[in-house]
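Working notes, structure below.
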Amino acid sequence: MTEHPTSHERRQPNAARPAAPADPRGALLRTPEQPVPGSPGLPAQGRSAGTPASPGAVGVPGPDSPGPIGTPVTADARAAATGTPAASGSPAGSQGPPAPSGGHGPTDAPAGSGPEHAQTSATEPDPHRPRPAPEAMGAQSGAEATGRQGGMDRRTGQSSQAPGTPMPMRRDGDRLRFVGAATRRIARGIDLDEIVMGLCRATVPTFSDAILVYLRDPLPVGDERPTGPVVLRLRRTDRIPEDRDTEGFLLPALQPEPDVGITAELCTVRPGGALNEVLRGVRPVFADAPAARAALPELIGDDLTVPGGQRAILAPLRGRRRVIGAALFLRRPDRPAFETDDLLVAAQLATHSALGIDKAVLYGREAYIADELQRTMLPETLPRPTGVRLASRYLPAAETARVGGDWYDAIPLPGSRVALVVGDVMGHSMTSAAIMGQLRTTAQTLAGLDLPPQEVLHHLDEQAQRLGTDRMATCLYAVYDPVAHRITIANAGHPPPVLLHLGGRAEVLRVPPGAPIGVGGVDFEAVELDAPAGATLLLYTDGLVESRLRDVWTGIEQLRERIAATAQLTGPDHPPPLEALCDEVLDMLGPGDRDDDIALLAARFDGIAPSDVALWHLEPEDAAPGRARRLARKALSRWDLEELTDSVELLVSEVVTNAVRYATRPVTLRLLRTDVLRCEVGDDVPQLPRLRQARATDEGGRGLYLVNKLARRWGATRLSTGKVVWFELNHS
């Protein structure tokens with residue numbers, strides 16, 4: 001935004017007048033310096049305030065006018081605007097000696113004659129009206145001011161700057177405004193790329209024509225102290241697209257797009273080298289300084305050069321505890337050089353960028369830890385138990401809070417059963433996720449003991465009380481038996497599940513609500529329900545059905561209607577696919593319906609038909625292994641699986657022999673035919689068998705070795721009444 005402050009300073013009599021700027025056609029309009037005959041000079045106070053200003057006088061700022069950012073007014077320009085001689089003693093904008101105070105110069109003309117007189121009287125604008133800042137007021141100082149004045153070339157009258165190119169900043173006010181705007185833009189970034197991009201976009205083209213940002217690879221986090229050598233990687237480059245020849249300097253080698261180019265270049269900072277010394281000094285330096293001249297080849301390579309004459313600044317990026325990179329600001333050779341005050345600007349940009357990068361790295365590490373914590377707390381993949389298919393979803397409350405206390409789990413149990421668990425710890429933070437992980441681990445351990453669902457919730461309640469007095473959670477624990485086609489459910493203050501029948505009817509199961517886990521002193525009750533083949537059970541957390549816009553029971557009814565409507569799309573004889581059903585359920589959420597984490601677990605009950613199950617009870621006697629082989633042979637013949645007879649007889653004989661050796665009660669033998677053939681042998685001995693390498697002189701100890709070699713997979717599970725040893729074989 002261009003400011004137009006009002007200046008109330010009046011021009012003094014006999015003062016030198018400025019040269020008029022170039023008109024649009026390029027001709028330099030000059031105002032004669034002679035007064036009206038008969039008077040020593042035309043004082044500024046005597047001119048008419050209402051006289052319209054000529055085009056050549058419009059936009060001459062007052063002495064305190066800051067002008068637009070990047071187009072400051074220097075002492076020469078002030079002298080030209082106010083009529084006060086410049087510090088050098090010559091009037092600004094004049095090409096020869098100043099006119100005599102009496103007005104008797106070689107170009108004297110009668111008063112009021114010719115257009116020059118009208119233009120002279122119009123040169124003084126109204127001192128009480130705002131004066132717009134010029135668009136090309138960029139006078140240079142020192143050696144670079146020779147031949148140029150206010151952005152104009154003395155000899156040609158043309159602007160010395162390329163069209164659209166920002167002028168260098170000369171005033172402290174311009175620099176302060178630029179630094180304020182640039183730091184605000186840098187501070188808006190939340191991650192590393194946003195902060196680096198903010199630095200590049202804020203400085204190009206306002207402060208520099210190009211910028212190179214180098215960062216340590218890898219970036220240190222917090223108090224980490226890397227042990228290896230310091231390596232800088234070119235993280236990002238940005239520049240003004242170059243259309244003109246710049247005499248082979250570094251700028252043409254940069255790509256026009258910031259995120260394209262030599263972004264993979266690495267630079268190793270040698271201990272004791274020139275680059276290391278510049279980085280340790282922390283302060284920005286000009287590229288023509290002795291230290292920078294030796295450091296730049298180490299940073300950008302020997303094949304590339306930078307423009308000379310203080311047109312490059314090397315600024316170390318120092319974070320909270322160490323230097324984390326460097327920024328190189330560049331200007332084209334045809335542009336004005338940096339000034340000493342620009343080092344302070346570069347230092348401010350480097351400091352704010354480095355601190356922002358430090359915070360972004362810390363935030364990224366925390367987000368990574370949160371993601372890893374949540375990922376490890378939830379199951380990576382769901383098991384594939386016999387007779388049931390599973391699908392799940394998890395949605396965090398927000399992207400900025402990607403961890404929470406919601407969890408789900410599916411745990412295979414002995415007897416081809418499966419435990420389905422869903423829970424919700426109060427809150428959605430790192431603490432909630434940690435408590436959730438402890439409760440989930442406890443639930444897995446209790447499930448391995450094959451405890452009833454109500455006993456599992458009781459032990460979870462005790463564990464929550466040991467973790468703290470305010471550790472509250474809700475949980476629903478269900479056990480599905482595919483052989484009996486039954487499901488046993490116990491609830492601890494959790495929303496009830498929804499069961500979708502094969503015909504398309506959806507119902508909310510009536511289960512005892514119970515008290516949340518962590519209350520203490522509460523008995524939990526389990527209920528056993530039918531689980532027909534083809535039915536789908538949906539377990540979820542309250543984030544799916546409850547929000548600020550609706551209560552939990554309204555959300556449950558909407559969920560039931562949504563599931564029923566989805567089932568109608570596939571017909572009464574074909575249940576909807578589980579993955580598509582989960583997506584449809586989540587689509588019911590509106591823009592304001594997500595206030596909490598969401599965990600969703602869907603189970604399709606396929607069951608195991610009675611014709612695919614064979615169960616026998618064997619007395620613990622020496623004849624039991626032989627009888628087990630004969631029964632298994634008959635079952636395989638009935639199922640047309642004779643190709644597995646030899647393997648099954650051998651493995652069944654070994655497992656049953658180990659069971660009857662120590663058992664005191666009848667041993668159970670069960671064969672299940674699904675996509676695999678599963679054999680289960682149960683006894684009343686709680687000690688689990690261990691695989692060991694038998695010695696050459698041992699008569700036994702090779703039974704489990706054979707099972708491990710021939711079976712697809714095998715295992716042993718401890719029960720409350722003993723144990724079950726099982727193995728699986730593939731069949732065609």
Closest non-hydrogen atom pair, [X] against [Y]:
X	Y	answer
Pro495	Leu476	O-CD1, 3.8 Å
Asp606	His485	O-CE1, 4.4 Å
Pro497	Ile489	CG-CD1, 4.3 Å
Ala599	Tyr408	CB-CD2, 4.2 Å
Pro412	Ala410	CD-O, 3.8 Å
Leu578	Ala391	CB-CB, 3.8 Å

Let me confirm one number: the [atom1]-[atom2] distance from [X] to [Y], rounded to the nearest 0.5 Å.
X	Y	atom1	atom2	value
Thr488	Glu528	OG1	CD	4.0 Å
Leu449	Leu413	CG	CG	10.5 Å
Leu446	Thr441	CG	OG1	10.5 Å
Thr668	Trp616	OG1	CH2	11.5 Å
Leu420	Ser392	CG	OG	11.5 Å
Ile411	Thr445	CD1	OG1	8.5 Å

Would you call [X] and [Y] a side-chain contact if the rule is heavy atoms closer than 4.5 Å?
X	Y	answer
Leu677	Trp639	yes
Glu462	Arg466	yes
Asp450	Val724	no
Leu631	Leu618	yes
Pro575	Leu500	no
Trp407	Met377	no
Leu439	Cys475	no
Asp461	Phe524	yes

Does atom [atom1] of [X] have more than 12 heavy-atom neighbours from other groups under 6.0 Å away?
X	atom1	value
Arg510	CZ	no
Asn708	CG	yes
Arg638	CZ	yes
Arg665	CZ	no

message = Please identify which of these residues, Arg633, Arg629, Lys634, meets the salt bridge (charged side-chain N to carboxylate O under 4.0 Å, His left out) condition with Glu649.
response =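 Testing Glu649 for a salt bridge (charged side-chain N to carboxylate O under 4.0 Å, His left out) against Arg633, Arg629, Lys634 leaves exactly one candidate, Arg633.
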request  = Show your working on salt bridge (charged side-chain N to carboxylate O under 4.0 Å, His left out) between Asp583 and Arg393 and close with a plain yes or no.
outcome  = CA-CA 9 Å; Asp583 293 336; Arg393 294 289 188 274; 3.0 Å; yes
task = Salt-bridge test for Asp683 and Lys723: reply yes if a basic N is under 4.0 Å from a carboxylate O, no otherwise.
result =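 Yes, this pair counts.
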ask   = Is the closest basic N to carboxylate O distance between Arg188 and Glu194 below 4.0 Å?
value =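 No, this pair does not count.
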Worked verdict on Ile357 versus Leu192 for side-chain contact (heavy atoms from CB on, under 4.5 Å) = CA-CA 6 Å; Ile357 291 172; Leu192 179 62; 3.4 Å; yes
query = Can any side-chain N or O of Thr570 pair as donor or acceptor with the backbone N or O of Ala567 at less than 3.5 Å?
reply =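 It does hold such a pair.
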request  = May I have the step-by-step check of side-chain contact (heavy atoms from CB on, under 4.5 Å) for Leu589 and Ile598, ending in yes or no?
outcome  = CA-CA 11 Å; Leu589 298 172; Ile598 297 175; 3.3 Å; yes
Can [X] and [Y] be counted as having a side-chain donor-acceptor contact under 3.5 angstrom?
X	Y	result
Thr664	Asp684	yes
Glu654	Asn658	no
His458	Gln454	no

query = Relative to each other, are the rings of His494 and Tyr540 parallel, tilted or perpendicular (30° and 60° limits)?
reply =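 Tilted.
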